[in-house]
Visitor: 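To start, I am sharing the structure in question, which I have written as structure tokens.
Quick note on labels: first sequence line is chain A, next is B, and so on, each numbered from 1. Only a predicted model underlies this, so the values are computations on that prediction, with no experimental measurement involved.
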Number of protein chains: 2
Amino acid sequence: MKPTVHDIAKIAGVSLATVDRVLNGRPGVRSITRSKVEEAIAALGYVRDLAAANLAKSRTYSFVFILPENDNSFMIGLREEVRGAISRSSAERTHIRIADVPPFDPEALVAALEKAIADKPAGVSFVALDAPEVQAAARRVTAAGIPIVTLVSDLPDSPRDHYAGIDNIAAGRTAGSLMGRFLSGREATVAVLAGSMLVRDHRERLEGFSAAIGEAFPGIHILPVLEGRDDPALAETMISDALRRHPDMAGIYSLGAGNRGLIRAIRKADVPKRPVVIAHELTVSTRAALADGIIDAVLNQDAGHEVRSAIRVLKAKADGLPVLAAQERIRIDIFLKDNLP
Amino acid sequence: MKPTVHDIAKIAGVSLATVDRVLNGRPGVRSITRSKVEEAIAALGYVRDLAAANLAKSRTYSFVFILPENDNSFMIGLREEVRGAISRSSAERTHIRIADVPPFDPEALVAALEKAIADKPAGVSFVALDAPEVQAAARRVTAAGIPIVTLVSDLPDSPRDHYAGIDNIAAGRTAGSLMGRFLSGREATVAVLAGSMLVRDHRERLEGFSAAIGEAFPGIHILPVLEGRDDPALAETMISDALRRHPDMAGIYSLGAGNRGLIRAIRKADVPKRPVVIAHELTVSTRAALADGIIDAVLNQDAGHEVRSAIRVLKAKADGLPVLAAQERIRIDIFLKDNLP
DNA sequence: CTGTTAGCGCTTTCAA
DNA sequence: TTGAAAGCGCTAACAG
């Protein structure tokens, strides 16, 4: 039989309450008593039954998820996943609040973090913006003893406990390699469509893409980045223009959102040969374009996995437990039309 | 406050024991009483607290995992993952037994299934072999009320509750598409190295590969399949021979195991240009070959995910609970040297 | 500083 | 056919 607190109490010759105090590092135990209990714990190889403990405490983990009110499919999907987690709250002993913030607004994010601190939740998860004031706010969250998991976009040089998202440099490199291979390393001109170079993810993807191309495919020439602000209409205009100016354009890497516009531009384009297109995030539109052969590959991060992982990690951190690294690694999914889920 | 059995008892005007009997569909309740209780349950929107129930029952889920004593890296890794799960047993309230069976031996698998039935576990998971006697045995497991999750290799036309593994036809198609794209659709000869055409996974991968090539890359000619029995030494000989006979060979698809031999053969080969190589399963050797540029892409199934998923699903089935399909879908991971984990 | 006692939400004898 | 009461493993008052 698995040892319980009773066994410890018996062996150490103390009461349940004292065992509990030692187990939970609460004060008010003579060090001599404490060590007797600790010996018994070690001798028995005791491991606490978290479920029973949570039952006794009628514990629910309260978390705050701070999400940007972005209207692209990916962010909408991410929010949907958090809602899904909320609907499973009772079974998972969680209480999750979604805090909405305007996109790309560090001030608003800081305010939301302050509000979260006031709530004293068991954990906070947010889509980070790479700004000093956000880092400072994150430090305050940590100082308040609240675990942090950054979601989708990381906050380096901050004390966040975990990042639930992909390695964007690696994603960019992957896109670069695929582009190079699909173009067979021949002389070619490729365009890059980004949302904004102010966003860290986009900068990193571009960095990885350029590096991979530069190292292995010297014949490929990358045009200056087009910043489409993740806006379909703007993306459409920019890509149409670019295709007109460079009718020989052999490839397009779309590393941000707004792919609906990109897809429209390509469908309408009057070019001898469709360019190789690699985009990010599997959405209704990119999926359809992949199936139709308009897009050649889609790199994806699984929003559901990210949200579930963030919750698991926050729980573990709240309980001071280790996480299963392999389970929490967010993959860079590569989808061709052949392996669509 | 979340409603509890006490609330139900109060509202229905019965005792806890009766509520419990209704909740668990146990006999000995007048139908009039039963409906009173059911009304109360519905009115309150009651959902049972599984953790509390398991505590009261001091329940542990006992599972049997039947694994082939195969000595390739993938199977070794799979076994390692099951061991990892065993080491987490106490926290996860599971008791997992590994049953070893000789590989590719339907009789042995059937015997192991029979033994599992005798154990009366809460669930069984096994790497299926596609044989009628195995299907029959699986039916007996189901008849005994034991949930089944097939692992890595599926058993069609059987009543298995779930399959924790990848879609091998899609994997083959993916390999085919990548091969075609990497070869730019030019005239080319490619070889296929399989373990055995008697294994369903391998047949399906070949089927998908051939289909994808046939549909989109008519210039590519696929040589007759080489059956290397997942044996490195044999694979090495076969690939070396093939490269000698076809010095112009442009690609190799290795859809089984034994990749160490394949890699050695390629390293030693005296050919003008290295072929494009696509292999399955990320192992120490395929990983190194990927990094060195010997292998161009590796398709992988995450053994850790498969095992954790199998356990989650078996638990859910044992409790009659639904599963989160998105969480349990095993992806076809595509690794280039740029997105290695 | 330490122990007693009453639960958390559910299940399970054992009586009635 | 129903109910009372004890208990799963742990925690949290409240006394001493």
Visitor: Measure from CZ on A:R93 to C1' on D:dC10 and round the result to the nearest Å.
Guide: 12 Å
Visitor: Are more than 12 heavy atoms from other residues, nucleotides or ligands located less than 6.0 Å from atom NZ of B:K10?
Guide: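 Check fails, neighbour count at 12 or below.
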Visitor: Mind running side-chain contact (heavy atoms from CB on, under 4.5 Å) on B:F63 and B:V124 for me, showing each step along the way?
Guide: CA-CA 6 Å; B:F63 299 134; B:V124 172; over 6 Å; no
Visitor: Would you mind reading off the distance between A:L16 atom CG and D:dC10 atom C1', rounded to a whole angstrom?
Guide: 9 Å
Visitor: Do A:V149 and A:R160 touch side chain to side chain, with heavy atoms closer than 4.5 Å?
Guide: no
Visitor: Quick one: are A:Y61 and A:N54 in side-chain contact, heavy atoms under 4.5 Å?
Guide: yes
Visitor: Near DNA chain C, counting only heavy atoms under 4.0 Å, which residues of residues 312-324 of chain B show up?
Guide: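 Nucleic-acid contacts, sorted: none.
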Visitor: Tell me: CG of A:D20 to P of D:dA12, nearest whole Å?
Guide: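 The answer, rounded to whole Å, is 7 Å.
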Visitor: With nearest nucleotides of DNA chain D determined for B:V29 and B:S58 from heavy-atom distances, which residue corresponds to the more 5′ nucleotide?
Guide: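 Looking at DNA chain D, the more 5' nearest nucleotide goes with B:V29.
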Visitor: Can you give the first and last nucleotides of DNA chain C, 5' to 3', that have an atom under 4.0 Å from a heavy atom of chain A?
Guide: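 Terminal contacting nucleotides, 5' to 3': C:dC1 to C:dG9.
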Visitor: Name all residues meeting the side chain to side chain donor-acceptor pair (under 3.5 Å) criterion together with B:R59; count only those two or more places apart in sequence or in a different chain, and write none if there are none.
Guide: B:D319
Visitor: Restricting to pairs with a member in residues 144-153 of chain B, which pass salt bridge (charged side-chain N to carboxylate O under 4.0 Å, His left out), not counting sequence neighbours?
Guide: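 Output for this query is empty, none listed.
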Visitor: Would you say that more than 12 heavy atoms from the other residues, nucleotides or ligands in this model lie under 6.0 Å from the NZ of B:K115, or not?
Guide: no
Visitor: Heavy-atom count check: over 12 atoms from other residues, nucleotides or ligands less than 6.0 Å from A:K2 NZ?
Guide: yes
Visitor: So, do B:L282 and B:D333 sit near enough that their side-chain heavy atoms are less than 4.5 Å apart?
Guide: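 No, every pair of side-chain atoms sits at 4.5 Å or beyond.
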Visitor: So does A:S90 get a backbone contact from the side chain of A:T94, meaning a donor-acceptor N/O pair under 3.5 Å?
Guide: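 Side chain of A:T94 to backbone of A:S90: no pair is present.
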Visitor: Considering residues at least two apart in sequence or located in another chain, which fulfil the side chain to side chain donor-acceptor pair (under 3.5 Å) criterion with B:T150?
Guide: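 Checked B:T150 against side chain to side chain donor-acceptor pair (under 3.5 Å); matches are B:D154.
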Visitor: Could you check how far CD1 of B:I8 sits from P of D:dG3, rounded to whole Å?
Guide: 14 Å
Visitor: What's the separation between atom CD1 in B:I330 and atom CG in B:D302, rounded to the nearest 0.5 Å?
Guide: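 Separation between the atoms: 7.5 Å.
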Visitor: Please enumerate all residues that pass side chain to side chain donor-acceptor pair (under 3.5 Å) together with B:D119, with sequence neighbours excluded.
Guide: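 With neighbours one apart ignored, the set is B:R97.
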Visitor: Could you check how far NZ of A:K2 sits from C1' of D:dC8, rounded to whole Å?
Guide: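 After rounding, the reported distance stands at 11 Å.
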Visitor: Can you list every pair that meets side chain to side chain donor-acceptor pair (under 3.5 Å) and has a residue in residues 26-44 of chain B, with sequence neighbours left out?
Guide: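 Sorted pair list: B:D20-B:R26.
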Visitor: Could you tell me the separation between the CG atom of A:L55 and the C1' atom of D:dC8, rounded to a whole number of Å?
Guide: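 My rounded result for the distance is 9 Å.
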Visitor: Need the bend value for the helix from C:dC1-D:dG16 to C:dA16-D:dT1: angle between end axes, 5 pairs each end, nearest 10°.
Guide: 40°
Visitor: For residues 320-328 of chain B, dump all side-chain donor-acceptor pairs below 3.5 Å to protein atoms at least two apart in sequence or in another chain.
Guide:
residue	atom	partner	partner atom	Å
B:E328	OE1	B:S309	OG	2.7
B:E328	OE1	B:R312	NE	3.3
B:E328	OE1	B:R312	NH2	3.0
B:E328	OE2	B:R312	NE	2.9

Visitor: Reckon A:V19 touches a base, only the sugar-phosphate, or nothing at all at heavy-atom distances under 4.0 Å?
Guide: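 A:V19: no heavy atom of the nucleic acid under 4.0 Å.
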Visitor: For nucleotides 13-15 of chain D, which of its nitrogen or oxygen atoms have a protein nitrogen or oxygen under 3.5 Å away, and what is each distance?
Guide:
none

Visitor: Suppose we screen for side chain to side chain donor-acceptor pair (under 3.5 Å). Which residues come up paired with B:E281, at least two apart in sequence or across chains?
Guide: B:Q301
Visitor: Name every residue in residues 30-53 of chain B that has at least one heavy atom under 4.0 Å from any atom of DNA chain C, in order of residue number, or write none if there are no such residues.
Guide: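 Within residues 30-53 of chain B, the residues near DNA chain C are B:Y46, B:R48, B:D49, B:A52, B:A53.
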Visitor: Using a cut-off of 4.0 Å on non-hydrogen atoms, how would the nucleic acid contact of B:N24 be classed: base, sugar-phosphate, or nothing?
Guide: sugar-phosphate
